[in-house]
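Down below is the structure, laid out as structure tokens.
Letters A, B, ... mirror the listed sequences (proteins, then strands); counts begin at 1.
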Amino acid sequence: MTPFTKRVITIIQSIPEGAVMTYGGIARAAGSPRGARQVVRILHSMSRKYKLPWHRVINSKGMISLTEDESGSLQQLYLLGEGIIFDERGVIDLERYQYDPGPALELELEPEQDFNPDPEDHLLPPFE
DNA sequence: GCAATGACGTACC
DNA sequence: AGGTACGCCATTG
């Protein structure tokens, strides 16, 4: 596991409820501006080993990248449950919801069992 | 060890 | 505006 990978995991864990980050944004925050695809890889491999709010990671267009036969519809459900609004084309307003982790990130990694989010936990009514 | 694989981003038709 | 071409580089087999 490279330092970049650890930083990516830490950053993803720091995304607060009701906010999102893009693959590219995470890569930039982790110090590798062109590392968006590595973030994808890391999400794939690490979401099994670590508790990660994987549903709060979207692409730079503000859309969910997963297809529906993957967990795309589940991801949208979680985000809706956190109060995030999608427009009619399924786009999230990044200006409003994108999280900036800032310079000081000293969260610790906590290896856990699989990240098995309970849908009921996230099903808060959308605000507004 | 090395080629293939991406839940991407962006530049360029 | 919408497609596609290609660079990116940590992981995987």
Round to a whole Å and report the spacing from [atom1] of [X] to [atom2] of [N].
X: A:Tyr50; N: C:dA10; atom1: OH; atom2: P; answer: 17 Å
X: A:Ile15; N: B:dA7; atom1: CD1; atom2: C1'; answer: 13 Å
X: A:Met1; N: C:dC9; atom1: CE; atom2: C1'; answer: 16 Å
X: A:Gln98; N: B:dC8; atom1: CD; atom2: C1'; answer: 14 Å
X: A:Tyr23; N: C:dG7; atom1: OH; atom2: C1'; answer: 19 Å
X: A:Asn59; N: B:dA7; atom1: CG; atom2: P; answer: 12 Å
X: A:His44; N: C:dT12; atom1: NE2; atom2: P; answer: 11 Å
X: A:Ile26; N: B:dG6; atom1: CD1; atom2: P; answer: 19 Å

*Heavy-atom contacts under 4.0 Å between residues 28-39 of chain A and DNA chain C, which residues?*
A:Arg34, A:Arg37, A:Gln38

*Look only at the side chain of A:Tyr50 and the backbone of A:Thr10, and say whether a donor-acceptor pair between them is shorter than 3.5 Å.*
no

*asked:* Strictly distance-based, threshold 3.5 Å: is any side-chain N or O of A:Gln75 a donor or acceptor partner for the main-chain N or O of A:Val57?
replied: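 Yes; judged by distance alone, with no hydrogens or angles, the pair exists.
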
Please round to the nearest 0.5 Å and tell me the distance separating atom [atom1] of [X] and atom [atom2] of [Y].
X: A:Leu77; Y: A:Glu82; atom1: CG; atom2: CD; value: 10.5 Å
X: A:Tyr99; Y: A:Glu17; atom1: OH; atom2: CD; value: 13.5 Å
X: A:Phe86; Y: A:Asp93; atom1: CZ; atom2: CG; value: 12.0 Å

*asked:* Just to verify, what does A:Glu70 make a side chain to side chain contact (heavy atoms under 4.5 Å, CB included) with, not counting sequence neighbours?
replied: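 Residues passing side chain to side chain contact (heavy atoms under 4.5 Å, CB included) with A:Glu70: A:Leu66, A:Thr67.
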
Nearest listed nucleotide, side chain of [X], among [options]:
X: A:Thr2; options: B:dC8, C:dA10, B:dA7; value: C:dA10
X: A:Leu66; options: B:dT5, B:dA7, B:dC8; value: B:dA7
X: A:Phe4; options: C:dA10, B:dC8, C:dT11; value: C:dA10

*OP1, OP2 of B:dA7 versus side-chain N and O of A:Ser71: anything below 4.0 Å?*
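Answer is no, no contact under 4.0 Å.
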
*Determine: side-chain N/O of A:Ser45 to OP1/OP2 of C:dT11, distance under 4.0 Å, yes or no.*
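Checking A:Ser45 against C:dT11: no side-chain N or O falls below 4.0 Å of OP1 or OP2.
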
*Given DNA chain B, 5'-ward residue of the pair A:Ile58 and A:Arg41, judged by closest heavy atom*: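 Here A:Arg41 is the residue nearer the 5' end.
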
_Please identify which of these residues, A:Ser47, A:Pro101, A:Pro53, meets the side chain to side chain contact (heavy atoms under 4.5 Å, CB included) condition with A:Ile12._
A:Pro53

